[in-house]
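Worksheet: one structure, shown below.
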Number of protein chains: 2
Amino acid sequence: MGVMEMNELLQSCGLKCTKQRLCILEILNSADKPLTAEEIHTLTPGTALSTVYRILDKLLEKNIVIKTTIPLSDGIFYELTANEHKHFAICLACHKLKYIDICPIHNTTVSDFTITGHKLELYGYCRECVK
Amino acid sequence: MGVMEMNELLQSCGLKCTKQRLCILEILNSADKPLTAEEIHTLTPGTALSTVYRILDKLLEKNIVIKTTIPLSDGIFYELTANEHKHFAICLACHKLKYIDICPIHNTTVSDFTITGHKLELYGYCRECVK
DNA sequence: AAGTGAGTTGCGAAAAATTCGCATTTACTG
DNA sequence: CAGTAAATGCGAATTTTTCGCAACTCACTT
C-alpha cells in the first residue's frame with residue numbers, strides 16, 4: 001500500500017490525513033508481524049503514546065486494523081486488516097510463528113451470514129521441536 | 001468436562017487441585033463464550049483477583065486455556081483450549097457473535113509443521129445487517 | 001495565499017488492568 | 001497427621017490505557 005492509497009483510505013473513512021496516521025499505517029503495512037501499541041510508539045518518534053492509542057482506536061473503529069493476541073506471547077497486538085490474510089502457525093514448544101500460504105477457507109459458506117474476511121491460526125509443533 | 005476430569009487434568013500438569021482452580025475451570029467449561037478476567041473474578045466469589053490472574057497464567061502456561069480478543073469487543077478474553085473448536089462468525093455491523101459448526105480445516109497440512117489445533121474466526125454481515 | 005473551524009495532537013494526570021511481595025493457608029507425600 | 005512445597009489473600013506497586021484541555025493542523029473557503 002503506497003502513501004496515495006493510505007491517503008484515500010483515510011479520507012474515505014472521514015479521517016483527516018495527518019503525518020502521525022500515515023506513519024502508523026506505514027509501520028503496520030511494512031511489519032511482518034502484528035505489533036503492540038508500545039512497539040508502534042517506539043517506531044513513531046515524536047508522537048505521544050496517547051496519540052498512538054487514539055489513532056489505533058480510530059483505525060479499529062473503521063475496521064482498518066484488527067486487535068489480536070498471539071498465543072504464548074504476552075500483550076495485545078495490532079495489524080492491518082488487509083494483512084490479516086497472512087495466516088500463521090504457532091509452535092507450542094518454541095513459540096515461534098511461521099507464516100503460511102495455505103488458506104482452506106476458499107469456498108466456505110455459512111447460512112445466514114455473508115463472509116467478508118477471516119482469521120486462521122494453526123497450533124502445533126515445528127520441525128525442530130517435533131524431534 | 002466433569003470434576004473428576006478436571007482433577008486429572010490439573011494433576012497431569014503438576015498443578016495442585018484447589019477449589020479456586022476447579023471453580024475457574026468449571027466456569028470456563030460452562031461458559032458459552034470467552035470471558036474476561038474480571039468476569040471470571042465476579043463468578044468466583046471469595047477468590048482474590050490476583051489469584052484469578054495467577055490461575056489463568058498457569059492454565060495458559062499449560063495450554064489449558066487460551067487468551068484471545070474478540071473483534072469489535074473491548075478487553076482480553078479467556079476460554080478453554082478445548083472449547084476453542086467452537087468457531088464463530090462476527091458481524092461487523094451489529095458486533096454479534098454466531099457460533100458455527102463448519103470446520104474447513106479438516107485435511108489441512110503444512111510443510112514442516114505438525115498441526116494439533118487451530119482457531120478460526122469469520123468476519124462479515126449477519127442476515128439482519130445485510131438488509 | 002490568508003482565514004476559519006472541526007478534528008487532532010501533546011502533555012500530564014487519572015483510571016483501569018495486571019503483577020508482585022510476603023505472611024498465612026492448603027494440598028499432597030510418606 | 002506432620003512436613004513441605006505450592007497456592008492464596010491482601011494490599012501495594014507497576015504497567016497499560018484513557019481522559020481533559022490547551023495548542024496545533026488539516027481541509028475547505030474566500
Side-chain angles (χ1 to χ4, degrees), chain A residues 3-27 34-62 64-78, chain B residues 3-28 34-62 64-79:
Chain A
V3 174
M4 286 308 284
E5 292 164 69
M6 291 181 189
N7 227 297
E8 280 167 32
L9 177 60
L10 290 172
Q11 291 196 335
S12 69
C13 292
L15 296 177
K16 281 191 184 169
C17 180
T18 66
K19 67 173 188 303
Q20 292 89 339
R21 283 176 180 167
L22 285 176
C23 179
I24 287 180
L25 283 177
E26 186 71 49
I27 287 165
L35 302 173
T36 64
E38 193 51 47
E39 289 172 325
I40 295 168
H41 178 232
T42 303
L43 296 169
T44 49
T47 301
L49 180 55
S50 56
T51 299
V52 171
Y53 277 108
R54 277 185 293 219
I55 290 176
L56 289 172
D57 275 351
K58 286 286 185 200
L59 298 179
L60 282 166
E61 200 177 283
K62 303 299 184 185
I64 296 171
V65 307
I66 192 170
K67 201 192 249 192
T68 182
T69 54
I70 298 183
L72 309 178
S73 294
D74 287 335
I76 300 182
F77 298 81
Y78 299 84
Chain B
V3 175
M4 286 308 284
E5 292 165 69
M6 291 180 189
N7 228 297
E8 281 167 33
L9 177 60
L10 290 171
Q11 292 196 334
S12 70
C13 293
L15 296 177
K16 282 190 184 173
C17 181
T18 67
K19 66 173 189 304
Q20 291 88 340
R21 284 176 179 167
L22 285 175
C23 179
I24 287 180
L25 282 177
E26 186 70 50
I27 286 166
L28 290 172
L35 302 173
T36 64
E38 192 51 48
E39 288 171 326
I40 294 167
H41 178 233
T42 303
L43 295 168
T44 49
T47 300
L49 180 55
S50 55
T51 299
V52 171
Y53 278 108
R54 277 184 292 217
I55 290 176
L56 289 172
D57 275 351
K58 286 286 184 199
L59 298 178
L60 282 167
E61 200 178 283
K62 302 299 183 186
I64 296 170
V65 308
I66 193 171
K67 200 191 247 191
T68 181
T69 54
I70 298 182
L72 309 178
S73 293
D74 286 336
I76 300 183
F77 299 80
Y78 299 84
E79 67 181 322

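Values below: every heavy atom of this structure, side chains too, minus hydrogens, waters and symmetry copies. All values derive from a computational prediction rather than experimental measurement. Quick note on labels: first sequence line is chain A, next is B, and so on, each numbered from 1.
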Counting side-chain heavy atoms from CB outward, which of [options] is closest to [X]?
X       : options               : value
A:Ser50 : C:dC11, D:dT17, D:dG9 : C:dC11
A:Leu49 : D:dG11, D:dT17, D:dA7 : D:dT17
B:Tyr53 : D:dG9, C:dT8, C:dT19  : C:dT19

- Message: With nearest nucleotide decided by heavy atoms, which residue, B:Leu15 or B:Tyr78, maps closer to the 5′ end of DNA chain C?
- Response: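 Looking at the nearest nucleotide for each, B:Tyr78 comes out on the 5' side.
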
Could you tell me the separation between the [atom1] atom of [X] and the [atom2] atom of [N], rounded to a whole number of Å?
X       : N      : atom1 : atom2 : result
B:Asp57 : D:dT15 : CG    : P     : 16 Å
B:Leu10 : D:dA6  : CG    : C1'   : 13 Å
B:Asp74 : C:dA15 : CG    : C1'   : 15 Å
B:Lys62 : D:dA7  : NZ    : C1'   : 14 Å
B:Leu56 : C:dC20 : CG    : C1'   : 17 Å
B:Ile76 : D:dT15 : CD1   : P     : 16 Å
B:Leu25 : D:dA7  : CG    : P     : 13 Å
B:Arg21 : C:dT26 : CZ    : P     : 15 Å

- Under 4.0 Å between a side-chain N or O of A:Thr18 and OP1 or OP2 of C:dG7?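 No, A:Thr18 has no side-chain N/O under 4.0 Å of OP1/OP2 on C:dG7.
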
- Message: D:dA27, OP1 or OP2 - any side-chain N/O from A:Gln11 closer than 4.0 Å?
- Response: yes

- Query: Is any N or O donor-acceptor pair between the side chain of B:Arg54 and the base of D:dG9 shorter than 3.5 Å?
  - Reply: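 Answer is yes: a donor-acceptor pair is held.
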
- Item | Side chain A:Lys16 and base C:dA6 donor-acceptor under 3.5 Å |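 Check passes, donor-acceptor contact within cut-off.
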
Quick check: do [X] and [Y] have side-chain heavy atoms less than 4.5 Å from each other?
X       : Y       : value
A:Thr36 : A:Asp74 : no
B:Leu60 : B:Tyr78 : yes
B:Arg21 : B:Thr18 : yes
A:Ile76 : A:Thr68 : no

- Message: With a sphere of 6.0 Å drawn around NZ of A:Lys58, does it hold more than 12 non-hydrogen atoms of other residues, nucleotides or ligands?
- Response: no

- Just checking B:Gln20: base, sugar-phosphate only, or nothing, at a heavy-atom cut-off of under 4.0 Å? sugar-phosphate

- How is B:Gly46 classified with respect to the nucleic acid when contacts are heavy atoms under 4.0 Å: base, sugar-phosphate, or nothing?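 Sugar-phosphate, backbone atoms only, no base.
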
- Query: Nearest nucleotide by nearest heavy atom, which residue falls closer to the 5' end of DNA chain D, A:Cys17 or B:Lys58?
  - Reply: B:Lys58

